[in-house]
Amino acid sequence: MSIQRVVKPSTRKGKRVLEAREPATLEGPKQTLLFYGRKSSDVIRHGLKDLYSLKKPDAKLLSRKNDITLFENANPIEELCRKHEASLFIAGSHSKKRPNNLIIGRMYNYNLLDMVELGLDSFKSLSEFVGPKITVGTKPCLIFNGPAWDQVEDLKHLKSIFVDLFHRENVENIRLQGLEHALCFTAISDNKILLRSYKVLLKKSGCKTPRVELKEMGPSVDLMFRRSKLASEDLMKQACKKPRILKVRKRKNVSRDGLGTLHGRIHVGKQNIPSLQTRKMKGLKKTAEEKRAEKKQSKRPLTVQNDTNKPVASKKRRVE
Amino acid sequence: MDSFISTILDNSLKEANNSITVDKHLQLEYDVGTLLAVDSNNLNLKTLMDNENEYLLKLSRDNVQLLFNEIWKLPTDRIDESIVAKLPQSNYIVPRSRALPKPKPLTKWEQFAKLKGIKKNKKTKQSWDEQLNKWVPLYGYKRAQAEKEKDWVLEVPATSDPMEDQFLKKKTGKRENIAKNEFQRLRNVAKSRNIKVPRLGLTNPDLSSSKELQTAVTLTRSATASLGKFQNKLPKEKDVGLTKIMSDSNRKRKSIAFSSQEERRNNLNTINFVLNKKPTFNVEKAIGRRLKKHMTNPKSQSNKQLLNTKRKMSFHKKSKNKGKKKNEKQNRY
């Protein structure tokens, strides 16, 4: 990828840094920025720390307060996310009007895409639960319970944000013993969500698939849906565009038979052009003589001859 | 005895299956690629209120079990002594963090080369220098050193001033070349980003064309508060006009005819212009041909007649000019 900049980078390292920021077809895991707002409470402080520990290799927790009111002005957060190269952010704040407030948002192309505001209630932190914790960087299983996730428009969006926030990264392979974390989101009403985090314990079941047992690991929190700023439909569509290279295209002339062997057609027989039906016209009609001659030919006994009306069957070969 | 053992085996198998099967009213939606399961069954709100955590634990366990059953169905592989499952492509679409990469815009040269079918031929990184008797790199490390060794003496061209410093000339020439390249790069960047820049082309006074110089002169003159309105001009100097230089898009478009009459008139003008076109008449050629004809059989035409023809030709010439003016008028519409 070339860098289209007015000022060229002067060092190799600088060039590499800039190249890493260029848009790419395949993107790595999204970075998350966690920061405090104007004022924060104990719950918010512990909540952000817990979220940070769940997200750890792909997250950054800023320790200072930031005088940012996101729903009034989104520019500062765009700047902040650009600076830290993050496309997800979680802001925690506490005020009289909105106690224990958590804002989760996404960026697209360094601009704000959407954000939701959640209130934390009956929070229990990760350290309050005794027992083993997960290893850093584990890909969690995401479970969404409740019919509201598919029915309420806000929750549909929230689901997308939660998946984006926690799914980490698309992977090809996954170690079966490494599946040790489950995040459960239960929507009990239109605006109340219960978040529980469990450690997965695999027990012997007597067959190949193990029996699953869960042990609550923390954090556990009840979330209240407050304000939201959702993306416009066309911006979302633009953001969700799949690169052309990744789209699966149909391979032509290749087929599989019942036994699973791959067949490729490598040669098509010559087409019989004279028998092609073209546009019907008076001038091209067969004369009486021609018709008679044809009739005579058809009356003759069948000889070994290529069927002229059908194209010659195509040859098929096995493809290794 | 045999039947006894088989019943025990059957029972244990059933138990095993029981331990991993979960009954659900509605099937769960899975996206195994993102390890996601969505359970849209109604919640039992009463038990949830009574014993929240226990209910959630049970519900989650069942759903995780169902998801794991799906995962364990996937084909597995052994990598570094651990069993891995091959995950399918995830269907849950998540927005990208940055826009899709665009193809690199072609530079002006690349565009031209593509049009003309010029292909880049790769030069070797090092070439043998006969003079220095060693391999010299095309650019980079040790190139400048080799150049220095080679150019310890420079020839003074016969046409140039003998007192001119050739080393200095070479140095400044190189510097100017670098500046020109940088200018072209910036111009390409501006073009690719659709930034309008003045057509200022003073890269090298020796190389720039009169047009470029004229542009530069006009621009410099207009750099006053009154946009050069009161600036003196050289005698016989052509004024390019600032607006013309600043951008091509400033050119006014032909206004659309708003009345039907006007439109009719415009169309008629166009038709007249096309239909009244006469073949171009090369006067000199015609005279030459006539003269030649006259020379070959002088008896047929007198000198007087020739003179008359000449007059006729001149008349034709005049009328042709008139036509031209008319055409110009029509072109304006």
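Below, chain A is the first sequence line, B the second, and so on; all start at residue 1. These values consider heavy atoms only, across backbone and side chains, with no hydrogens, waters or symmetry-generated copies. In this text, all values refer to a predicted model and were calculated from it rather than measured experimentally.
- Residue contact with chain B, scored on non-hydrogen atoms closer than 4.5 Å, involves the side chain of A/Asp222 exclusively.
- Using a 4.5 Å cut-off between heavy atoms, A/Lys139 contacts chain B through both its backbone and its side chain.
- The contact between A/Leu202 and chain B is made entirely by side chain atoms (from C-beta outward), counting heavy-atom distances below 4.5 Å.
- When heavy atoms are compared at a cutoff of 4.5 Å, A/Asp150 approaches chain B solely by way of its side chain, counted from C-beta outward.
- A/Lys208 has its side chain out of reach of B/Lys73: every pair of non-hydrogen atoms, C-beta onward, lies at least 4.5 Å apart.
- In this structure, A/Leu176 and B/Thr76 have side chains that are in contact, with non-hydrogen atoms separated by less than 4.5 Å.
- For A/Ala187, the part sitting under 4.5 Å from any heavy atom of chain B is the backbone (N, CA, C, O) and nothing else.
- With a 4.5 Å cut-off on non-hydrogen atoms, A/Arg175 touches chain B through its backbone and its side chain both.
- Within residues 63-72 of chain B, the residues having any heavy atom under 4.5 Å from a heavy atom of chain A are, by residue number, B/Asn63, B/Val64, B/Gln65, B/Leu67, B/Phe68, B/Asn69, B/Ile71, B/Trp72.
- Residue A/Lys30 holds its NZ atom at 6.0 Å from OG of B/Ser97, rounded to the nearest 0.5 Å.
- Although no hydrogens or angles enter the test, the distance criterion places no donor-acceptor pair under 3.5 Å between the side chain of A/Arg196 and the main chain of B/Leu57.
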Show which side-chain atoms of residues 79-88 of chain B pair as donor or acceptor with protein atoms under 3.5 Å away, not counting sequence neighbours.
unit_1: B/Ser82; atom_1: OG; unit_2: B/Ile79; atom_2: O; d: 2.8

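- Nearest heavy-atom pair across A/Pro23 and B/Ala99 is CB-O, 3.1 Å.
- At least one side-chain heavy atom of A/Thr186 sits less than 4.5 Å from a side-chain heavy atom of B/Leu43.
- When every heavy atom of B/Val94 is checked against every heavy atom of A/Cys240, the shortest pair comes out as C-SG, 4.4 Å.
- When each of B/Asp31, B/Val189, B/Leu36 is scored by its heavy-atom pairs under 4.5 Å with chain A, the top score falls to B/Leu36.
- Only the side chain of A/Val163 comes within less than 4.5 Å of a heavy atom of chain B; its backbone N, CA, C and O stay farther away.
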